[in-house]
**Q** 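I am attaching a structure below and will ask some questions about it afterwards.
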Amino acid sequence: MSERMSRRKVFGLGAAGVAAAGAGAIAARSLVQEPPVAHATTSDPFPFYGEHQAGIVTPAQDRLHFVAFDVTTGSRAELVDLLQEWTAAAARLTQGKEAGSFGAAGGSPEAAPDDTGEALGLPASGLTLTIGFGPSLFDRRFGLAARRPPALADLPKFPGERLIPELSGGDLCVQACAHDPQVAVHAIRNLARIGFGKVSVRWSQLGFGRTSSTSRAQVTPRNLMGFKDGTNNMKLEDAALLRDQLWAAAPDGADWMAGGTYLVTRKIRMTIETWDRTSLREQEEIFGRDKVKGAPVGKQNEFDPVDLAAMKPDAHVRLAHPSGHGNAHLLRRGYNYVDGSDGLGRLDAGLFFIAYQRDPRKQFVPIQMALARTDPLNEYIKHISSGLFACPPGVRDAGDYWGRGLFG
Amino acid sequence: MSAITRLTAGALALAALTACAAETPAPGGSAAAKKPDKVAVAASDTECKVAVSEVAAGTSTFAITNGGSKVTEFYVYAPGDRVMAEVENIVPGLTRELIAELPAGTYETACKPGMVGKGIRNPLKVTGEHKALNTDAKLAEATASYKRYVKSQSDTLLVKTQEFVDAVKAGQIDKAKELFPVSRTYWERIEPVAEIFGDLDPAIDAREADLAEGEEWTGFHKIEKDLWITKDVSEDGPVADKLIADVKTIVAKANAAELTPLNLANGAKELLDEVATGKITGEEDIWSHTDLWDFDANLQGSKAAVQALRPVLEERAPDLVRTLDAKFAAAEAELGKHQKGDGWRLHDELSEAELKSLSDVINALAEPISEIAPIVAK
């Protein structure tokens with residue numbers, strides 16, 4: 001099988017309902033730089049190359065597999081090699097191709113296949129792969145301490161958090177989003193496999209049911225508490241706001257981060273059972289929104305302007321509102337998660353919160369500090385994992401790789 | 001922390017009734033018993049001799065003398081273990097008086113040597129004229145009844161916290177460790193009321209993880225860590241002083257607070273949520289592992305609030321009352337399996353399966369308790 005052969009070409013797409021000719025056209029188009037668009041179908045690929053990494057303002061897909069790695073090699077050269085290998089694999093995987101050049105069945109019968117094979121026959125499914133570098137990567141091991149961006153400052157301890165160290169942090173992270181969970185898991189599994197010996201998986205998280213819209217073409221989804229989440233999220237259509245609040249620029253203190261952004265993850269366990277026996281009035285007062293429509297207190301429709309004064313002083317929406325934090329916005333991109341049940345028969349579930357921003361010190365930190373101190377929602381939630389990563393700008397072309405600006 | 005503070009205060013306007021409706025003496029010549037000046041109660045470690053088995057409707061005064069060797073308590077229960085009146089912390093050799101306002105009906109008295117279990121019970125009949133309460137008056141009586149409970153609990157909270165604080169300041173680590181779960185019992189029973197007063201609750205009960213960087217940590221759990229982990233309380237004098245001062249403030253505020261029936265309904269639910277969220281998991285008393293003391297106290301506090309509302313619920317939702325009785329009994333029975341001496345097994349001695357059974361009975365109870373608020377608000 002040729003290296004250029006995509007899964008969709010090899011196996012056809014009868015099941016996905018896309019004509020073979022169309023599939024070829026899309027594959028060709030995807031190599032061209034173009035702004036992300038809201039996709040008409042769930043199988044189309046997003047472009048991999050571009051000014052910014054995909055998976056940030058691209059319309060949020062429905063599924064997530066997020067992974068954090070510890071770098072186990074002490075060699076800077078090995079780390080750079082890995083980033084180059086990963087970049088090449090990501091460029092293929094996001095276009096619906098197999099991880100390696102031989103694929104699941106194209107190599108020697110005596111060799112283990114260089115793709116694990118569980119995504120054979122599936123379309124690209126909107127897969128995006130987004131990499132980030134954690135604060136711990138900037139220690140002495142790789143000579144990066146002087147290149148640590150000021151905005152990648154360790155998060156403070158927030159009141160009430162119960163972080164599990166083994167589920168937090170990491171030298172590197174990769175966010176895989178797709179419309180099909182099998183495709184997202186396939187991508188992370190193959191990247192982890194490529195990394196064996198150089199990196200070790202620290203923790204990972206599956207998510208379903210995106211809890212934010214990142215495009216006005218999308219309806220606002222609901223979190224597991226049954227409320228619409230992310231109504232006032234930054235959207236890819238808000239060009240000026242994104243420039244101001246999302247994308248880092250060279251004058252921010254790290255020139256290699258220009259066009260990149262900073263990622264904060266928080267795994268937020270919900271005590272679903274106690275929430276479910278809370279009265280509707282209290283639930284709506286806590287959020288400051290109508291449960292069914294998502295309308296703010298005193299208003300009729302979801303997108304009606306928020307009247308903060310009409311809400312309880314500690315309503316969630318009010319506490320998080322940009323007006324209380326120097327107009328600080330976050331691009332939220334979270335997912336619901338259910339990790340089965342805990343040993344007590346309680347749903348082990350909640351929100352895997354993901355937020356991108358230009359500077360966490362001015363955006364996530366003050367907002368979360370206000371919420372951690374006074375949000376009545378804290379009675380029903382607990383932050384158990386935390387991650388902070390610098391996501392470099394996009395990969396420009398096949399000669400470029402993730403993090404070249406940092407290591408090159 | 002509780003959301004009880006968020007409840008719409010005054011959602012139910014209450015007539016400023018006191019609970020003295022039944023104070024009219026029984027008509028002379030009726031079958032009603034004559035009201036003695038005081039009803040003597042002789043309590044020991046094994047007996048609870050109440051001088052009479054019948055009193056007249058209205059106010060009765062009980063004088064309880066503890067002739068035993070264990071600290072005891074005395075209760076008057078209406079059906080369903082609704083606390084009509086109680087006095088806590090009667091130390092050996094002391095006599096304490098209890099004034100109870102009892103409408104006609106059948107009751108039980110109970111002494112609780114060692115302050116555990118169902119106690120030594122005796123029937124008590126109350127006869128005579130009893131002015132029927134209308135519904136609003138029943139709601140008013142519910143809050144008045146619960147306020148009496150808060151009063152009795154907070155009185156003892158002060159006594160026990162003082163003993164705890166004294167032991168800490170005297171560097172008596174073993175004694176302080178014994179007193180830690182006991183003083184917390186009275187706190188945990190009335191915590192939803194305490195939580196109304198904003199910052200005082202965290203000052204008294206914050207866990208280390210509740211704080212932001214640089215915030216001062218005070219209260220029970222700071223001392224808990226020093227007792228069990230650092231094993232050095234020599235620096236804790238100021239923390240101990242602040243704890244008793246904060247407890248005094250909150251007790252004064254709790255007793256002055258105007259409660260609504262919705263406060264009671266939601267407080268009962270909040271207490272079980274506390275169990276489900278923090279006690280079952282062992283997060284509350286992460287060093288001492290005395291979570292089951294708190295668990296039991298939360299359960300009792302929840303029951304006290306529900307039972308204060310019982311006359312209203314009997315009228316409006318008798319089926320729910322039967323469900324609540326059954327679920328409370330099941331929860332108490334499950335918890336009772338872990339009783340150990342005058343206290344409880346430690347959280348880290350319980351198996352996953354035992355914790356799951358406890359979690360199940362709490363969920364089974366909390367669901368019907370969450371139905372009380374809309375019934376009360378009707």
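Proteins get letters first, then strands, A, B, ... in listed order; numbering begins at 1 in each.
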**Q** What residues, two or more places apart in sequence or in another chain, satisfy side-chain contact (heavy atoms from CB on, under 4.5 Å) together with B/Lys337?
**A**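 So B/Lys337 forms a side-chain contact (heavy atoms from CB on, under 4.5 Å) with B/Glu334.
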**Q** So for A/Thr271, is it side chain, backbone, both, or neither that comes closer than 4.5 Å to the heavy atoms of chain B?
**A**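 Contact with chain B involves the side chain of A/Thr271 alone.
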**Q** What is the distance from atom OG1 of B/Thr277 to atom CD1 of A/Ile381, rounded to the nearest 0.5 Å?
**A**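 Rounded to the nearest 0.5 Å, the OG1-CD1 separation comes out at 12.0 Å.
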**Q** Looking at A/Lys157 and B/Glu213, what are the two nearest heavy atoms and their distance?
**A**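 Shortest heavy-atom separation between A/Lys157 and B/Glu213 comes out as N-OE2, 3.4 Å.
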**Q** Report the residues that fulfil side chain to side chain donor-acceptor pair (under 3.5 Å) with B/Glu208, sequence neighbours left out, ordered by chain and then residue number.
**A**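 Only B/Lys225 meet the side chain to side chain donor-acceptor pair (under 3.5 Å) criterion with B/Glu208.
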**Q** Hey, mind stepping through A/Arg373 and B/Asp210 against salt bridge (Lys or Arg N to Asp or Glu O under 4.0 Å) and telling me if it holds?
**A** CA-CA 9 Å; A/Arg373 283 185 200 283; B/Asp210 293 331; over 6 Å; no
**Q** Tell me, side chain or backbone of B/Ala373 under 4.5 Å from chain A's heavy atoms, or both, or neither?
**A**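 Contact with chain A involves no heavy atom of B/Ala373 at all.
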**Q** Tell me which of these, B/Ile369, B/Asn363, B/Leu355, B/Leu358, has more heavy-atom pairs under 4.5 Å with chain A than the rest.
**A**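 Option with the top pair count is B/Asn363.
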**Q** Please give me the minimum heavy-atom distance between B/Lys269 and A/Thr274, naming the atom from each residue.
**A**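 Of all heavy-atom pairs spanning B/Lys269 and A/Thr274, the closest is NZ-O, 3.9 Å.
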**Q** Can you list the residues of residues 334-357 of chain A that sit under 4.5 Å from chain B, counting heavy atoms only?
**A**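 So far as heavy atoms go, A/Gly343, A/Leu344, A/Gly345, A/Arg346 are the residues that approach chain B to under 4.5 Å.
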**Q** Return the OG1 to CZ distance between B/Thr281 and A/Arg162, rounded to the nearest 0.5 Å.
**A**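 So the OG1 of B/Thr281 and the CZ of A/Arg162 are separated by 9.0 Å.
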**Q** With a 4.5 angstrom heavy-atom cut-off, is it the side chain or the backbone of A/Arg277 that approaches chain B, or both, or neither?
**A**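 Answer is both: backbone and side chain atoms of A/Arg277 are under 4.5 Å from chain B.
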**Q** Write out, in numerical order, the residues from residues 220-228 of chain A with a heavy atom short of 4.5 Å from a heavy atom in chain B.
**A**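 No residue falls under the 4.5 Å cut-off.
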**Q** Give, as side chain, backbone, both or neither, the part of B/Glu215 having an atom under 4.5 angstrom from any heavy atom of chain A.
**A**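 Contact with chain A is through the side chain of B/Glu215 alone.
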